[in-house]
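Quick one: the structure is below, questions incoming.
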Amino acid sequence: MRGAAAAALLLPLAACTSATGTRVADDAAGGPAGGNGPATVTVTPHGEDARAGEPVRVTASGGTLTSVTVTDADGGTLAGALDADGAGWTSRRKAVPGTSYTVTAVTTTEAGRKKTVKSAFTTAEADRVNKVDWRPGAGGTVGIAQPISLVFDHPVTDKPAVERQLKLTTSNDTEGSWAWLEDYSGRDRIDWRPKEYWKPGTEVTLTAELNGTDSGEGGWFIRDYSTHFTIGTAQIVTVDLDRKQLTLVRDGQEVRTIPVSGGTPGGDKRSWRGTAVLMAKEGTIRMNSETVGLGDAYDKMVDYSMRLTWSGMYAHAAPWNNRWMGKANKSSGCIGMRDADAAWFYAQVRPGDPFEIKGEDTKGVVAPGNGFGAWNVPWPDWQARSALR
């Protein structure tokens with residue numbers, strides 16, 4: 001039905017069809033050359049199953065464009081702008097897959113005669129749709145180390161095309177950069193982080209105008225994404241695995257130091273070092289060592305669980321290790337605390353707070369895609385990961 005409707009619009013109006021677009025002449029009576037002839041409007045793309053992913057372009061010959069309106073089947077419009085000389089009009093956004101568009105153009109001939117002409121076209125359906133999982137969610141308050149992170153369902157082979165559609169604004173012109181990386185899941189991912197930790201109170205807005213963008217091998221995006229969040233209090237958690245203690249620093253002042261027990265030295269149970277970012281406060285959860293490749297070492301319910309990496313490193317209550325708190329690292333990689341300390345600490349921190357972890361015997365530095373490990377990449381190297389540099 002959609003294709004038949006588009007064809008019906010074109011039949012009485014089309015003067016001729018070219019490889020570049022549909023030409024539509026107004027129905028004014030012809031006159032001598034030099035200003036009295038009909039204006040001709042050309043629309044690109046055109047026809048049935050037209051390729052999406054490009055702006056709609058409307059041009060006029062034998063006259064100038066006064067206005068152009070492009071409407072989809074749901075009544076939505078593509079905003080655009082006229083050329084300075086009135087000879088053309090270009091939509092700001094791209095035509096999206098599987099959509100019928102009606103183009104209404106008002107022209108004025110050199111003789112001052114105005115005419116309204118219409119055209120229609122339909123874009124081909126997307127053969128594959130790419131989707132996005134993004135963090136943080138909208139409307140929240142996060143810590144000073146929180147990056148903006150987008151993970152894609154399918155591979156993104158045209159990274160520049162995707163990155164161009166990501167518009168990030170801050171309330172204080174924070175310097176930062178996008179960087180492409182591999183998520184812990186193996187999927188393509190792009191993160192934005194500031195050069196330094198965020199300033200408290202910064203308002204951040206991401207508008208991902210991806211609808212109608214071809215990601216390459218992974219297919220088309222068929223919707224936009226957006227999020228807005230606020231940066232909260234400047235809190236940094238320092239973890240010294242050699243001294244077996246954790247300190248919460250707020251606005252540059254030490255609030256409290258807690259004895260902890262980190263990952264057991266000498267093997268796979270060691271902790272990660274570097275800067276990890278609190279991803280989520282998950283409360284009481286079941287932890288099973290088989291899910292992180294440690295065999296049957298443990299399977300228990302754990303309170304005050306705070307996720308630091310996708311690979312399974314948490315800060316949490318660990319009453320079974322109470323005798324080792326502040327004395328020895330005896331965990332399976334997590335940062336354990338006594339129940340009372342964990343309850344207090346859990347109430348103080350928020351997602352986005354950085355955990356700056358140091359220790360001589362660790363598994364290594366947290367990778368960029370293992371949670372939010374962006375802060376472990378030097379700033380020039382981070383900038384170099386942008387597809388637009």
Side-chain angles (χ1 to χ4, degrees), residues 2-3 5-124 158 160-162 164-165 167 207 209-214 220-221 224 388:
R2 180 174 57 196
L9 284 167
L10 288 167
L11 282 174
L13 296 171
C16 63
T17 301
S18 69
T20 58
T22 295
R23 298 178 61 225
V24 184
D26 73 19
D27 57 3
N36 292 322
T40 301
V41 175
T42 302
V43 179
T44 306
H46 70 284
E48 298 293 307
D49 292 326
R51 176 172 170 77
E54 299 294 337
V56 177
R57 176 68 177 168
V58 181
T59 57
S61 60
T64 58
L65 291 165
T66 303
S67 67
V68 175
T69 303
V70 180
T71 308
D72 63 29
D74 295 326
T77 59
L78 282 180
L82 290 167
D83 296 349
D85 60 3
W89 178 95
T90 305
S91 65
R92 188 179 68 85
R93 299 295 303 274
K94 304 167 185 175
V96 302
T99 304
S100 294
Y101 292 95
T102 299
V103 181
T104 303
V106 179
T107 63
T108 303
T109 67
E110 295 175 7
R113 303 177 66 180
K114 289 190 175 182
K115 204 67 180 180
T116 300
V117 295
K118 289 189 176 183
S119 179
F121 66 91
T122 302
T123 53
D158 193 346
V162 172
R164 287 189 192 98
Q165 300 306 117
K167 315 296 181 185
T207 303
E209 295 184 337
L210 290 170
N211 196 8
T213 299
D214 186 357
W220 294 87
F221 297 99
D224 293 335
L388 301 181

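Everything numeric here is computed off the predicted structure, so don't read it as measured data. Atoms considered below: every heavy atom in the structure, side chains included; atoms not considered: hydrogens, waters and symmetry mates.
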Heavy-atom count check: over 12 atoms from other residues, nucleotides or ligands less than 6.0 Å from Gln165 CD?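 Yes, because the 6.0 Å sphere around CD of Gln165 holds more than 12 heavy atoms from other groups.
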According to side-chain contact (heavy atoms from CB on, under 4.5 Å), who are the partners of Asn211, at least two apart in sequence or on a separate chain?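 Only Arg93, Val96, Ile222, Asp224 meet the side-chain contact (heavy atoms from CB on, under 4.5 Å) criterion with Asn211.
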Heavy-atom closest pair, residues Phe221 and Val162: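 Closest approach of Phe221 to Val162, heavy atoms only: CE1-CG2, 3.8 Å.
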For a quick test of reading the model, state the closest non-hydrogen atom pair linking Thr99 to Pro97 and the distance between them.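 Scanning both residues, the minimum pair turns out to be OG1-O, 3.1 Å.
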Anything under 3.5 Å between a donor and an acceptor, one on a side chain of residues 67-85, the other on a protein residue two or more places apart or in another chain? List them.
from  : atom 1 : to    : atom 2 : distance (Å)
Asp72 : OD1    : Asp74 : N      : 2.9
Asp72 : OD1    : Gly75 : N      : 3.0
Asp72 : OD1    : Gly76 : N      : 2.7
Asp83 : OD1    : Arg57 : NH1    : 3.3
Asp83 : OD2    : Arg57 : NH1    : 3.3
Asp83 : OD2    : Arg57 : NH2    : 2.8
Asp83 : OD2    : Gly88 : N      : 3.4
Asp85 : OD1    : Ala87 : N      : 3.0

For Arg51, check side-chain contact (heavy atoms from CB on, under 4.5 Å) against everything at least two apart and list the hits.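 Only Asp214, Trp220 meet the side-chain contact (heavy atoms from CB on, under 4.5 Å) criterion with Arg51.
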Do you know which of Val41, Val103, Val106 makes side chain to side chain contact (heavy atoms under 4.5 Å, CB included) with Val117?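 Testing each of Val41, Val103, Val106 against Val117, the sole residue satisfying side chain to side chain contact (heavy atoms under 4.5 Å, CB included) is Val41.
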For Arg164, which residues count as a side chain to side chain donor-acceptor pair (under 3.5 Å) partner, sequence neighbours excluded?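 If we apply the side chain to side chain donor-acceptor pair (under 3.5 Å) test to Arg164, skipping adjacent residues, there are no hits.
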Looking only at side chains, do Ser100 and Thr122 share a donor and an acceptor under 3.5 Å apart?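 Short answer, yes.
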Of all heavy-atom pairs between Ala95 and Ala52, which one has the smallest distance, and what is that distance?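 Residues Ala95 and Ala52, closest heavy atoms: O-CB, 3.3 Å.
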Looking at Thr40 and Ser61, would you say the former's side chain and the latter's main chain have a donor-acceptor pair under 3.5 Å?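 Judged by distance alone, no pair lies under 3.5 Å.
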Please check this pair: side chain of Ser91 against backbone of Val56, looking for a donor-acceptor N/O pair closer than 3.5 Å.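 It does hold such a pair.
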So which pairs with a foot in residues 58-67 pass salt bridge (Lys or Arg N to Asp or Glu O under 4.0 Å), sequence neighbours left out?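 Residue pairs passing salt bridge (Lys or Arg N to Asp or Glu O under 4.0 Å), neighbours aside: none found.
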Shortest non-hydrogen contact from Pro55 toward Pro45: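 Minimum heavy-atom contact is O-CD, 4.3 Å.
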With sequence neighbours left out, what residues match Thr104 under side chain to side chain donor-acceptor pair (under 3.5 Å)?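 Listed in chain order: nothing, the list is empty.
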Walk me through whether Phe121 and Thr44 qualify under side chain to side chain contact (heavy atoms under 4.5 Å, CB included). CA-CA 9 Å; Phe121 66 91; Thr44 306; over 6 Å; no
Could you give the distance from OG1 (Thr107) to NZ (Lys114), rounded to the nearest 0.5 Å?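 So the OG1 of Thr107 and the NZ of Lys114 are separated by 10.0 Å.
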